[in-house]
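Since the structure comes first, as structure tokens, the remarks are kept for the end.
Naming convention: chains lettered A, B, ... in sequence-line order (proteins, then strands); numbering from 1 in each chain.
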Amino acid sequence: MAKNLTPRKSDYSRWYNDLVIQADLADNSGVRGCMIIKPYGFAIWEKIQAELDHRFKETGHVNAYFPLFIPKSHFSKEADHVEGFAKECAVVTHYRLKNNPDGPGIVVDETAKLEEELIVRPTSETIIWDTYKKWVQSYRDLPILVNQWANVVRWEMRTRLFLRTSEFLWQEGHTAHATENEAIFEAKQMLDVYGDFVEEHMAIPVVRGTKSSNERFAGALETYCIETLMQDGKALQAGTSHFLGQNFAKAFDVKFQDKNGEMNYVWGTSWGVSTRLMGALIMTHSDDNGLVLPPKLAPTQVVIIPIYRGEEELLKLDAVVKGLLEKLKKIGIRVKYDNRDTYKPGWKFNEYELKGVPVRIAIGPRDLEKGTVEVARRDNLSKESVKLEMLDSHIESLLNEIQEQLFIKSKVSLEDNIHIVDNWNSFKLALDKGGFVSAHWDGTPETENKIKELTKATIRCIPLNNEKKDGLCILTGNPSSERVLFARAY
RNA sequence: CGGGAUGUAGCUCAGGUGGUAGAGUACACGGCUGGGGGUCGUGUGGUCGCAGGUUCAAGUCCUGUCAUCCCGACCA
């Protein structure tokens, strides 16, 4: 049992914080809301990045990089967009410091004031659309399918490691198309890329849907999203894909000549996922002993711990393990042999449990005699004895089983926590229980706002492939054509 | 951004009414150990978040500031 990890039951958000710090994923920094992603946390992020990048390229996208700074004038061109982000922008006003003439330290050099302030990007639509204007003349220049991996800054009031930080890492795709249908197809396609990745790779089940107008991206006509449910019953938006219509094209005057020689505005999309996925990963699978990682994302999938007394015994084990390592690496398993003499076996067990390594192999003199090893799973903490000669195939299928089991477990939990309600009282009760609440809504922003005010719950999404079935709005009793999912959210 | 709390050794914290800085843990060295964070001994380690102020004297009192946590508002 971990020493200082707060149990989930006693304080879920403290458990989360403790876990992030103790599992060596990230730490707070000296700058408000900005985190240090530590090597172990970053290794997991790199796994996420690598797989997503692969999937983006499989769907025809290419990577590029745009500047961190956005001139203020660009930023203000799309009205809804400004409205949405203005309150949380970091602004660069000067470009030089000087020694404090009145004492120690260093001060801003007031003579070095920028003519036009620069905004640190909270997202890159504006600078990218300003660029696309130069890239697009003809239908032959379309589509543009660009992604960038970057950091962005949003001056958040209340931050939490990975879930909401002032600076975060993400990717943002920005595409431009000749037709509306093509752009809508793209936005939906990317939602599926996200959904499939999160389910298959992160073992996190998602609900795919669209946002209500209240929750829609500033400047978008439609926001598609994947929503997930955390262990404490709160929802977490894991990714979004926006159909931008011609809003940004019009704001930045991005026109092209079509096959008939007519001038048209291009159609756009943007889509992104961020280091917030790390938060989703942590909160979906982990337990009171620490992190639980799905094998596909674990930087180390298998750790081998020798148990011995004296150097002689260790040397014997080293020789046996050497062969095991070769066998496991040959079939593509990320395995680590921790034969450090500076830590004891019990300490190591706890350490790798805290860090969520999916499989632990312990090998000692007793095993050598019997020709076996002890194999322990992180997800359900079970242990078994496995014959040495069977080990590689056993581990391979075990990793697959763990990946699958983690998904099934969270999927069951998600489904068990979608509550269907038809009146206001049970609506409130269901929200207090946690989870998604499926209810009718009259489709107006006013009603959604009122519900938010009364319950702190928002519409997380209107599920795609939702059953169209008439009903009455949970609050107003007005007619509604389908159910939507409400929840309290991160 | 409003309310509350906190900031002292790497970490967790103790230090009434101002008077030479403490513990546990971690770390270093050594012994016994080793199948779930072992144990005994010795030792290293602190401009008390930062900047001012009051005072003969400030970890302690005052002002400001930065950061963290909790509650609220905000959060494409």
Side-chain angles (χ1 to χ4, degrees), chain A residues 1-6 11 13-14 16-18 21-22 27-35 78 80-89 100 102-105 122-126 152 154-161 163-166 168 170 172 211-225 236-237 239-242 244 247 270-272 274 276 289-290 305-311 313-314 317 339-354 360-370 372-374 376 381 383 385 452-453 456 458 489-490:
Chain A
M1 185 66 81
K3 258 181 189 166
N4 301 310
L5 205 54
T6 307
D11 188 339
S13 76
R14 252 185 91 174
Y16 175 83
N17 257 325
D18 286 357
I21 288 169
Q22 287 183 39
D27 212 342
N28 285 303
S29 73
V31 182
R32 175 184 177 71
C34 294
M35 68 175 164
E78 214 287 336
D80 289 339
H81 193 68
V82 186
E83 174 74 19
F85 286 105
K87 285 169 289 185
E88 51 187 44
C89 285
N100 185 359
D102 305 321
T123 178
S124 303
E125 272 78 2
T126 55
V152 290
R154 298 181 188 178
W155 214 261
E156 299 288 353
M157 287 307 161
R158 230 171 128 175
T159 59
R160 302 191 63 192
L161 293 168
L163 294 176
R164 177 171 288 115
T165 46
S166 298
F168 55 91
W170 77 345
E172 46 182 327
K211 287 290 184 189
S212 65
S213 60
N214 276 8
E215 300 279 321
R216 196 174 289 151
F217 178 71
L221 296 188
E222 184 81 277
T223 289
Y224 299 90
C225 62
L236 181 73
Q237 175 178 298
T240 49
S241 178
H242 315 289
L244 301 174
N247 285 351
S270 67
W271 28 274
S274 70
R276 174 180 259 201
N289 296 322
I305 297 173
I307 289 151
Y308 60 94
R309 49 183 99 196
E311 200 173 336
E313 277 188 13
L314 178 60
L317 289 168
N339 63 348
R340 288 178 295 177
D341 192 37
T342 45
Y343 294 96
K344 317 195 53 170
W347 188 93
K348 291 175 187 172
F349 288 179
N350 280 288
E351 175 73 3
Y352 291 107
E353 223 154 74
L354 185 58
R360 182 187 71 228
I361 296 173
I363 180 165
R366 295 205 306 246
D367 300 291
L368 285 189
E369 277 171 31
K370 289 183 291 180
T372 61
V373 292
E374 181 196 80
L381 300 170
K383 295 179 197 173
S385 193
K452 183 178 179 185
E453 207 177 289
K456 293 182 188 168
T458 49
Y490 275 101

**Prompt:** Is the shortest side-chain N/O distance from K456(A) to OP1 or OP2 of rG72(B) below 4.0 Å?
**Reply:** yes
**Item:** Closest to side chain of F217(A), choosing from rC75(B), rU68(B), rA76(B)
**Value:** rA76(B)
**Request:** Report the residue (V373(A) or K452(A)) whose heavy-atom-nearest nucleotide on RNA chain B is the more 5′ of the two.
**Result:** V373(A)
**Side chain E88(A) and base rA76(B) donor-acceptor under 3.5 Å** = no
**Request:** Rounded to whole angstrom, note down the P distance from rA9(B) over to rA21(B).
**Result:** 14 Å
**Message:** Using a 4.0 Å heavy-atom cut-off, does R160(A) contact any base of the nucleic acid, only the sugar-phosphate backbone, or nothing at all?
**Reply:** nothing
**Asked** Do you know which two heavy atoms are closest between P306(A) and L317(A), and how far apart they sit?
**Response** CB-CD1, 3.9 Å
**Message:** Under 4.0 Å, heavy atoms only, any strand: does D11(A) hit a base, just the sugar-phosphate, or nothing?
**Reply:** nothing
**Prompt:** Could you give the CD-to-C1' distance, from E453(A) to rG72(B), as a whole number of Å?
**Reply:** 14 Å
**Request:** Round to a whole Å and report the spacing from CG of N350(A) to P of rG36(B).
**Result:** 10 Å
**Item:** rU12(B) versus rG52(B) - spacing of their P atoms, nearest Å
**Value:** 27 Å
**Asked** S13(A) near the nucleic acid: base, sugar-phosphate alone, or nothing, with a heavy-atom cut-off under 4.0 Å?
**Response** sugar-phosphate
**Asked** Side chains of E88(A) and E156(A): closer than 4.5 Å at any heavy-atom pair?
**Response** yes
**Closest nucleotide among rG37(B), rC74(B), rU68(B) to the L354(A) side chain** = rG37(B)
**Prompt:** In whole Å, what separates the C1' atom of rA5(B) from that of rG45(B)?
**Reply:** 29 Å
**Separation of the C1' atoms in rG7(B) and rG46(B), to the nearest angstrom** = 14 Å
**Message:** Taking only the P atom of each, what is the distance from rG24(B) to rA14(B) in whole angstrom?
**Reply:** 16 Å
**Message:** Categorize D80(A) for me: base, sugar-phosphate, or nothing, with a 4.0 angstrom heavy-atom threshold over every strand shown.
**Reply:** nothing
**Request:** Name the pairing partner of rG2(B), where a pair is Watson-Crick or G-U wobble with both distances under 3.5 Å, or state none.
**Result:** rC71(B)
**Request:** Could you check whether the rings of W170(A) and F168(A) sit parallel, tilted or perpendicular, using 30° and 60° as the cut-offs?
**Result:** perpendicular
**Request:** For R32(A) and rC74(B), give me the distance from atom CZ to atom C1', rounded to whole Å.
**Result:** 12 Å
**Prompt:** Would you say the base of rG35(B) and the side-chain of R309(A) have a donor-acceptor pair closer than 3.5 Å?
**Reply:** no
**Message:** Strictly by Watson-Crick or wobble contacts shorter than 3.5 Å, is anything paired with rG24(B), and which nucleotide is it?
**Reply:** rC11(B)
**Asked** Side chain of Y343(A): nearest nucleotide among rG35(B), rG36(B), rC27(B)?
**Response** rC27(B)
**Item:** Separation of rG37(B) P from R360(A) CZ (nearest whole Å)
**Value:** 12 Å
**Asked** Atom CD of E311(A) to atom P of rG34(B): distance rounded to whole Å?
**Response** 17 Å
**Message:** Roughly how many Å apart are rU65(B) and rG22(B), using the P atom of each and rounding to a whole number?
**Reply:** 34 Å
**Prompt:** So, the side chain of T223(A) versus the backbone of F217(A): is there a donor-acceptor pair under 3.5 Å, distance only?
**Reply:** yes
**Message:** I'd like to know whether R164(A) forms a side chain to side chain contact (heavy atoms under 4.5 Å, CB included) with Y490(A), so could you lay out the CA-CA distance, the side-chain angles of the two residues, the decisive distance to 0.1 Å, and finally the verdict.
**Reply:** CA-CA 9 Å; R164(A) 177 171 288 115; Y490(A) 275 101; 5.9 Å; no
**Exceeds 12 heavy-atom contacts within 6.0 angstrom, atom CZ of R14(A)** = no
**Prompt:** Of the nucleotides rA73(B), rU68(B), rG37(B), which one has an atom closest to the side chain of R158(A)?
**Reply:** rA73(B)
**Fill in**
Closest heavy-atom pair, N247(A) versus G219(A), reported as atoms and distance to 0.1 Å, is ND2-O, 2.9 Å
**Message:** Checking base pairs now: Watson-Crick or wobble, both atom distances under 3.5 Å. What partners rU63(B)?
**Reply:** rA51(B)
**Message:** Given rG36(B), rC74(B), rG37(B), identify the nucleotide with an atom nearest to the side chain of K87(A).
**Reply:** rC74(B)
**Message:** Checking contacts here: which listed nucleotide (rU68(B), rG35(B), rG37(B)) is nearest the side-chain heavy atoms of E351(A)?
**Reply:** rG37(B)
**Prompt:** What integer distance in Å separates F349(A):CZ from rG38(B):P?
**Reply:** 12 Å
**Message:** Heavy-atom nearest nucleotide on RNA chain B for P345(A) versus G84(A): which residue maps closer to 5'?
**Reply:** P345(A)
**Fill in**
With the side chain defined as heavy atoms from C-beta on, K344(A) is closest, among rG38(B), rG36(B), rC74(B), to rG38(B)
**Prompt:** Looking only at atom P, what distance separates rU20(B) and rG59(B), rounded to whole Å?
**Reply:** 10 Å
**Request:** Please confirm whether any donor atom in the side chain of K383(A) sits under 3.5 Å from an acceptor in the base of rG35(B), or the reverse.
**Result:** no
**Message:** By nearest atom, which of the nucleotides rG38(B), rA76(B), rG35(B) is closest to the Q237(A) side chain?
**Reply:** rA76(B)
**Asked** How many Å lie between CG on L317(A) and P on rG35(B), as a whole number?
**Response** 13 Å
**Asked** Checking all strands, does R216(A) fall into the base, sugar-phosphate, or nothing category for heavy-atom contacts under 4.0 angstrom?
**Response** sugar-phosphate
**Request:** Assign G272(A) to base, sugar-phosphate, or nothing according to its heavy-atom contacts below 4.0 angstrom with the strands shown.
**Result:** nothing
**Request:** Compare the minimum distances between each of rA76(B), rG36(B), rC74(B) and the side chain of M157(A), then state the nucleotide with the smallest one.
**Result:** rC74(B)
**Request:** Look at the side-chain N and O atoms of S29(A) and state whether any lies under 4.0 Å from the OP1 or OP2 oxygen of rA67(B).
**Result:** no
**Asked** Taking CZ from R276(A) and P from rA76(B), how many angstroms apart are they, rounded to a whole number?
**Response** 9 Å
**Prompt:** Among rA67(B), rG34(B), rG37(B), which is the nearest nucleotide to the side chain of Y308(A)?
**Reply:** rG34(B)
**Asked** Taking atom C1' in both rG19(B) and rU33(B), what distance in whole Å separates the two?
**Response** 48 Å
**Request:** Could you walk me through whether T123(A) and H81(A) pass side chain to side chain contact (heavy atoms under 4.5 Å, CB included), step by step?
**Result:** CA-CA 10 Å; T123(A) 178; H81(A) 193 68; 3.7 Å; yes
**Assigned partner base of rG45(B), Watson-Crick or wobble definition, under 3.5 Å** = none
**Request:** For R160(A) and Y16(A), work out which heavy atoms get closest and say how close.
**Result:** NH2-CD2, 3.6 Å
**Request:** For P122(A), answer base if it contacts any base atom (sugar-phosphate contacts may also be present), sugar-phosphate if it contacts only those atoms, and nothing otherwise; contact means non-hydrogen atoms under 4.0 Å.
**Result:** nothing
